Amino acid sequence: MNLDAAKQTFLEEARELLEDMERILLDVEASDTTDEQLNALFRAMHTIKGSAGLFGMDEIVHFTHEAENVVDLLRGGHLALSEDLSGLLLRCHDHVKAMLAVVDDKAMQQDMLKTSLLDELRHYAQPTAADEPASTSQTSVPEQGGLRDWVMSLRFNEDVLRNGMDPSAFFRYLRLLGEFLVVQPVLCRLPPAERFDPESCYLRFELLFSSDASQQMLLDVFEFVREDSQIHIFPVGEAAAHWPQLIAHAEEAEQAAVRQAWQALGLSPDAPASVAAAPEPAAAVAKAAE
């Protein structure tokens with residue numbers, strides 16, 4: 001999927017999320033608010049924020065982050081969905097919708113950040129932030145039933161850069177959902193210097209990631225490249241079962257390199273996995289996730 005097609009898909013999905021958000025806010029009453037509704041409100045802002053970051057829409061990321069913080073306090077029980085707060089979130093909905101309508105106009109986007117809505121959002125977030133510092137982390141993770149360790153095998157298509165997508169953007173998005181434990185780049189596909197094409201992507205990553213997010217939520221991070229790339233995400237305990245699928249299309253040298261990467265992660269293709277002895281994350285990966 002090229003950049004224009006991916007961006008169009010993002011805009012369509014963002015509009016659908018905003019429609020869901022508007023419907024909930026118009027229908028719900030404070031006394032009847034359900035966890036499902038509050039999670040849906042959070043998911044709308046969180047998903048738009050993360051996907052916008054993939055496309056360098058920093059202004060949308062900034063605004064939705066502030067709205068996300070308030071909704072996170074709502075679903076955590078630190079705020080009640082009063083009539084005033086519901087009205088504020090509806091106006092935030094309208095503002096995000098307007099920002100999405102001018103995504104190609106950077107100057108307009110920057111002007112739209114000069115809004116009193118941000119001060120109103122911070123007003124709701126600030127009192128709880130003083131009392132509950134741990135509950136207002138800038139990397140709030142949707143609760144999906146507990147922290148889990150995941151194996152990710154990311155083999156980006158060679159044309160991903162030509163299609164306008166930056167693999168490092170996916171690492172930045174993942175940081176919104178959890179913590180990188182260990183990342184091992186697989187470099188065996190790098191050609192000799194005389195055949196190196198700076199527009200081609202030769203990298204593959206094998207990594208351990210800790211998150212409360214569901215498997216589907218993690219897979220959705222790569223929605224815009226999954227069609228052409230090989231993206232595999234599964235619980236650590238299922239590593240050996242997924243090994244044949246990971247190497248099915250790899251040449252012998254790549255299979256050996258991936259096996260070596262797994263050993264560095266503390267994983268074995270032939271036995272139940274353990275991360276107890278996993279080494280420290282590679283410095284190169286920390287740079288990729290900045």
Side-chain angles (χ1 to χ4, degrees), residues 8-55 57-103 108-109 111-129 131-132 135-145 173 176-177 212-214 216-217 220-221 223:
Q8 187 59 38
T9 298
F10 158 64
L11 292 174
E12 291 172 0
E13 293 184 350
R15 293 187 190 102
E16 292 175 2
L17 288 167
L18 288 173
E19 288 175 3
D20 290 341
M21 179 180 181
E22 182 179 37
R23 184 179 64 254
I24 292 170
L25 289 171
L26 290 175
D27 292 346
V28 75
E29 295 183 9
S31 59
D32 297 327
T33 304
T34 66
D35 290 342
E36 182 179 357
Q37 289 170 324
L38 294 177
N39 283 332
L41 292 177
F42 178 86
R43 187 163 54 250
M45 291 294 96
H46 185 82
T47 303
I48 291 173
K49 179 184 77 171
S51 295
L54 294 178
F55 300 101
M57 302 175 186
D58 296 338
E59 292 77 19
I60 293 178
V61 171
H62 182 81
F63 185 84
T64 51
H65 171 68
E66 298 291 346
E68 177 193 46
N69 281 346
V70 172
V71 179
D72 196 26
L73 294 174
L74 272 173
R75 68 178 190 146
H78 304 294
L79 290 174
L81 189 59
S82 64
E83 183 176 343
D84 287 343
L85 181 51
S86 181
L88 171 59
L89 292 176
L90 278 170
R91 285 182 284 129
C92 289
H93 157 280
D94 294 342
H95 197 73
V96 174
K97 188 174 181 179
M99 295 182 81
L100 290 169
V102 292
V103 291
M108 179 68 75
Q109 291 273 310
D111 285 343
M112 294 182 76
L113 274 183
K114 302 171 184 177
T115 170
S116 61
L117 290 173
L118 290 173
D119 290 332
E120 294 182 62
L121 289 168
R122 290 164 186 155
H123 171 75
Y124 277 97
Q126 189 60 38
T128 304
D131 299 330
E132 305 278 352
S135 69
T136 58
S137 168
Q138 291 191 0
T139 56
S140 301
V141 177
E143 295 178 5
Q144 299 292 331
Y173 191 170
L176 301 175
L177 297 176
D212 284 349
S214 68
Q216 187 58 54
M217 185 174 292
D220 287 346
V221 170
E223 178 180 1

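Note that the structure is a prediction, hence the values are computed from the model and not measured.
- With sequence neighbours left out, Ala52 forms a side-chain contact (heavy atoms from CB on, under 4.5 Å) with Phe10, Met57, Ile60, Val61.
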Practice item. Show the numbers, then the answer: is there a side chain to side chain contact (heavy atoms under 4.5 Å, CB included) between Leu81 and Gln37? Key: CA-CA 11 Å; Leu81 189 59; Gln37 289 170 324; over 6 Å; no
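- The CG atom of Asn69 sits 11.0 Å away from atom CG of Leu79, with the distance rounded to the nearest 0.5 Å.
- Proximity of a side-chain donor or acceptor of Ser51 to a complementary backbone N or O of Thr47 within less than 3.5 Å is detected.
- At a threshold of 4.5 Å between non-hydrogen side-chain atoms, the residues Lys97 and Arg15 do not count as touching.
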Review point. Would Met112 and Glu59 count as a side chain to side chain contact (heavy atoms under 4.5 Å, CB included) if you check the C-alpha gap in whole Å, the side-chain angles of each, and the deciding distance to 0.1 Å?
Key: CA-CA 8 Å; Met112 294 182 76; Glu59 292 77 19; over 6 Å; no
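- Remark: Glu120 engages Arg91 in a salt bridge, criterion side-chain N to carboxylate O under 4.0 Å.
- When side chains are defined from C-beta on, Leu88 counts as touching Leu117, because their heavy atoms get closer than 4.5 Å.
- For the pair Leu41/Leu25, a side-chain contact is recorded, criterion being any heavy-atom separation below 4.5 Å from C-beta on.
- Inter-residue side-chain proximity for Met217 and Leu177 is flagged as met; some heavy-atom pair is nearer than 4.5 Å.
- Proximity of Leu18 to Asp94: side-chain heavy atoms (C-beta onward) are nowhere separated by under 4.5 Å.
- Once rounded to the nearest 0.5 Å, the distance linking CG of Asp220 with CZ of Arg43 reads 10.5 Å.
- To the nearest 0.5 Å, the span separating CG on Leu17 from CE on Met45 amounts to 8.0 Å.
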Exercise for review: Please step through side chain to side chain contact (heavy atoms under 4.5 Å, CB included) for the pair Leu118 and Arg122, ending with a clear verdict.
Suggested key: CA-CA 6 Å; Leu118 290 173; Arg122 290 164 186 155; 4.0 Å; yes
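- Shortest non-hydrogen contact noted between Phe63 and Thr115 is CE1-CG2, 4.0 Å.
- Judged by distance alone, with hydrogens and angles left aside, the side-chain atoms of His95 form no donor-acceptor pair with the main-chain N or O of Leu90 at under 3.5 Å.
- With hydrogens and angles disregarded, no donor-acceptor distance shorter than 3.5 Å links the side chain of Asp72 to the backbone of Glu68.
- Val70 is listed as a side-chain neighbour of Leu85, based on a closest heavy-atom distance under 4.5 Å.
- Within a 6.0 Å sphere centred on CD of Glu36, heavy atoms belonging to other residues, nucleotides or ligands number 12 at most.
- In this structure, the separation between OH on Tyr124 and CG on Asp84 is 5.0 Å, given to the nearest 0.5 Å.
- Closest approach of Leu176 to Gly50, counting heavy atoms only: CD1-CA, 3.9 Å.
- Atom NE2 of His93 and atom CD of Glu22 lie 4.0 Å apart (nearest 0.5 Å).
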Practice item. Apply side chain to side chain contact (heavy atoms under 4.5 Å, CB included) to the pair Leu113 and His62, showing each step before the final yes or no. Key: CA-CA 8 Å; Leu113 274 183; His62 182 81; 3.7 Å; yes
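- Atom CD1 in Ile48 sits 10.5 Å away from atom CD in Glu13 (nearest 0.5 Å).
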